Amino acid sequence: MTPFAASYSLNGVVFAARDALRDEAKRVFDRPVDFSVRNAFGYTRARFNGDMTARISIRDRQLA
């Protein structure tokens with residue numbers, strides 16, 4: 001597998017996981033505000049220049 005194909009696949013998994021977390025937040029929270037559903041989950045994409053690491057992070061507070 002080429003590095004481009006591997007990073008493309010890994011990024012697809014990260015985006016799908018982020019969307020699943022958003023859906024779960026909508027289901028779990030009683031009255032979710034826009035931040036808790038849309039902006040609470042950040043991600044770092046994998047790059048095909050050698051860094052094959054992708055991360056999902058949860059932001060602890062809303063940025064002003």
Side-chain angles (χ1 to χ4, degrees):
M1 182 179 287
T2 66
F4 177 76
S7 66
Y8 188 81
S9 300
L10 187 56
N11 289 334
V13 170
V14 168
F15 295 148
R18 182 196 61 185
D19 292 341
L21 286 170
R22 285 181 181 169
D23 293 341
E24 187 69 13
K26 288 179 188 176
R27 189 183 70 76
V28 170
F29 293 133
D30 186 20
R31 287 176 300 244
V33 294
D34 190 37
F35 170 76
S36 64
V37 175
R38 188 172 48 118
N39 295 329
F41 304 103
Y43 63 91
T44 303
R45 298 182 337 179
R47 304 195 182 201
F48 60 91
N49 63 356
D51 183 20
M52 288 291 185
T53 304
R55 293 186 179 103
I56 297 176
S57 59
I58 300 174
R59 298 181 180 124
D60 58 349
R61 70 169 93 157
Q62 185 173 0
L63 299 172

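This one's a predicted model, so the numbers in the text were calculated from it and none came from an experiment.
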At their closest point, which heavy atom of Leu10 faces which heavy atom of Met52, and how far apart are they?
-> CD2-O, 3.6 Å

List for me each residue that meets side-chain contact (heavy atoms from CB on, under 4.5 Å) alongside Arg18, sequence neighbours excluded, and say none if there are none.
-> Phe15, Arg22, Phe41, Tyr43

Here the pair of heavy atoms bringing Ala17 nearest to Ile56 is CB-CD1, 3.4 Å

Can you sort out the partners of Ala16 under side-chain contact (heavy atoms from CB on, under 4.5 Å), two or more places apart, ordered by chain and number?
-> none

Set of residues satisfying side-chain hydrogen bond (donor to acceptor under 3.5 Å, both in side chains) with respect to Arg27, sequence neighbours excluded | Glu24

Would you mind reporting whether Arg47 and Ser7 have side-chain heavy atoms less than 4.5 Å apart?
-> no

